[in-house]
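Here the structure comes first, spelled out in structure tokens, and everything after it is commentary.
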Amino acid sequence: MDEAAGDLKQALPSVWDSVQIHVEVHQKSSSTAKKEDIRRSVLKLLNRHNVVFGDYKWTEFDDGFLNSNVQSVSIVDTELKLKDRQPIDLSKSSLSLHIFHLNEEGPSSENLEEENEDIIAANHWVLPAAEFHGLWESLIYDTEVKSHLLDYVTTTLLFSDKNVDSNLISWNRVVLLHGPPGTGKTSLCKALAQKLTIRLSYRYRYGQFIEINSHSLFSKWFSESGKLVTKMFQKIQELIDDKDALVFVLIDEVESLTAARSAFKAGTEPSDAIRVVNAVLTQIDQIKRYPNVVILTTSNITEKIDMAFVDRADIKQYIGPPSPAAIFKIYLSCLEELMKCQIIYPRQQLLTLRELEMIGFVENNVSRLSLVLKEISRRSDGLSGRVLRKLPFLAHALYIQSPSVTMTTFLQALSLAVDKQFEERKKLADCV
Amino acid sequence: GKMAAPRIAVALAPTRAIAHPSPFLIAEAPSALDRGGGMRPQRSGLAAACPSVSVVFPGPVSRESCCRFACELLKHVLHQRHQLPLPYEQLAYFCRLQHLSFASSKKCQQVLMELEGVLQHLEVMFSLTLVPRVLILLGGNVMSPKELYELNLEGIYEGCAEESLKTASCVRKLFHALFVADVFSELKALPVMGTVVMLQGHRDCGVDWFRPKLNYKVPTRGRKLTVNLSCDGVVNVSSSPPQHVTSTWEDYVWFQAPVTLKGFRE
């Protein structure tokens, strides 16, 4: 019997034996059900539907308890681990269930000067936040950027949590994402923080996300020198002191900090600025020692960041503009949304690139529209994710303006919008 | 027995009769009260960072009274901590008459409307479930507020309306103790910020306005004041034991009001 089972195992692709399948369970905001009860019902559900093809999301249930307590049950991030879309036998996989509630409050702002409410030094969210929900899925990259970052930070937190001696093995919790503007670096930081809070909810009760406004550090508090930076980090330290909290500190466009240092060396920056920058760097060194902290930084220009900072970051990830394959996926998600809202009507089944590849890119009734989209994606090469997600809107505003259109008409408009985008770029370049 | 032993018992003789039972009137007239005497509660040794005020009522207290304590404490804190320019009742009064220049402003009406909403929903909540604890959180977020006021009702013996102490006299006693403890005068002025109310209730109480926060834990940092209320004296058979004894701890979960009360200045 065992032998037979062994043979069967060899015959079947055994990828899922080693792969952890993550199941995210979004508990309704009004639900007070116990986690154990939800876990039990979700496991029953997964037992009934035990084969899925890649990521899958349930929002309606045949079980009354789940219907009243659970918003959605999602099999997530399978594509990060399994290259090809293939059937996953849940009964044979190792399942990790993550049950979470979203915090619906928006960000609270941290004012540093008690008397002056105008200066907002930082925005502050409690994670998982409703505002960041769905962000992770909306970010599409070609390379394994997402899985690398997730694995990296997970290992980091594991090492810290297990008290690995940092004199013997050196690692830190500073992440630097760099690349051209509009590629979703800031969004990726937020999405990553949200993801980790959900994944690590067995260890940390909640996440705190602090987005430091590095421009305001300079423009307004110049005369106050580094004192206020110290004050801000004191507040962050208080958050870190709560061992149940996973604290994320985001310093956006970090080059504005570090540029000041090099300018100082060149003698063009007042000494106040350098004091602010040094205070920030010292504070980062202080807080990065704590096991429950992740410092996320982004930069639009890699060259301008000085080495003092680059050395501090352990993981430096380049985030480039999307490839035509990623552009195709981005467009697909946009069109899916427009069909859901019935702006594109009637609904058309679009094929994924993988599916197109499987039929050898042969044109027929099923594949025609998808091939048009593939061509638009090819011509969109070079546009950033931020622009791409704007184009469906521009296509509608400029060339359609009716409440409901067919897919064919919409794709024509999208194509025109892409052309216009490149024309405008050219004009701008000519002006300069 | 009682779940929470009061740190300092303020065993006051029956409070002097005050013509107007409105609590903020008491607070508005500090000199009228005897602040000396041996009755001033001390802050406990540890409590420099975390002062507490304890009040022991000489008999059972009704659920409605508990609700009033929470509502009055909320109004009082908002005014004392500079989130309302006037005590709530005065503000509501002037706002209705549109006497004050700012009172007619949208901001004032907005704040009052939101506050009234919270007060109404507190009543609903108290009618649905025992409420062992109420939190008033100022500034920051619910996990890390700037200031935290905790009303601990775990030591209350709940009685039905007829056999319980009168609400007005209990409120008076509570505010007298707060006042004598002089908990607000040393605090420095606060900027205008957001206030959130949280409270514990039974998991299955069926409230739909307050949002359950199953992962919540009371923050240990930030400035905190605890107000412990409990009952003493003869316990009638008919009055309930201290809250909680009848149910297990884990069935009481935290709920959060879905609005943030924004403070405002004139």
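Throughout, protein chains are lettered first and strands after them, A, B, ... in sequence-line order, and every chain is numbered starting at 1. If you're wondering where the values come from, they're calculated on a predicted model, not measured in any experiment.
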Sort by residue number and list every residue of residues 32-42 of chain A having at least one heavy atom under 4.5 Å from chain B. A/Thr32, A/Ala33, A/Lys34, A/Lys35
Atom group of B/Arg203 that falls short of 4.5 Å from chain A, counting heavy atoms: both
Sequence neighbours excluded, which residues qualify as side-chain hydrogen bond (donor to acceptor under 3.5 Å, both in side chains) partners of A/Asp63? none
Distance (rounded to the nearest 0.5 Å) between A/Thr59 OG1 and A/Gln71 CD: 8.5 Å
With a 4.5 angstrom heavy-atom cut-off, could you sort out which part of B/Phe255 is near chain A: side chain, backbone, both or neither? side chain
Across all chains, not counting sequence neighbours, the side-chain hydrogen bond (donor to acceptor under 3.5 Å, both in side chains) partners of A/His22 are A/His98, A/Arg199
Using the ring-ring contact (aromatic ring centres under 6.0 Å, His included) criterion, which residues pair with A/His26? Sequence neighbours excluded. A/Phe100, A/His133
Approximate separation, where rounding is to 0.5 Å, of A/Ser74 OG and A/Trp58 CH2: 9.0 Å
Could you tell me if the ring centre of A/Tyr206 sits under 6.0 Å from that of B/Tyr216? no
Is chain B contacted by the side chain of A/Leu102, its backbone, both, or neither, given a heavy-atom distance below 4.5 Å? backbone
B/His202 ring center near B/Tyr252 ring center (under 6.0 Å): yes
Toward chain B, the part of A/Ser31 with a non-hydrogen atom under 4.5 Å: backbone
Looking at chain A, which one of B/Lys213, B/Glu250, B/Met193 has the largest number of heavy-atom pairs inside 4.5 Å, strictly under? B/Lys213
Taking the side chain as C-beta and beyond, is there a heavy-atom pair between A/Thr156 and A/Leu158 under 4.5 Å? no
Using a 4.5 angstrom heavy-atom cutoff, name the option from B/Pro212, B/Gly194, B/Gly139, B/Cys205 with the most pairs to chain A. B/Pro212
Pairs of heavy atoms under 4.5 Å with chain B: top-ranked of A/Glu105, A/Gln27, A/Glu238: A/Glu105
When you measure from the side chain of B/Arg81 to the backbone N and O of B/His76, does any donor-acceptor pair fall under 3.5 Å? no
State plainly whether the residues B/Glu147 and B/Lys224 are in salt-bridge range, i.e. N to O under 4.0 Å. no
Is it the side chain or the backbone of B/Asp208 that comes within 4.5 Å of chain A heavy atoms, both, or neither? neither
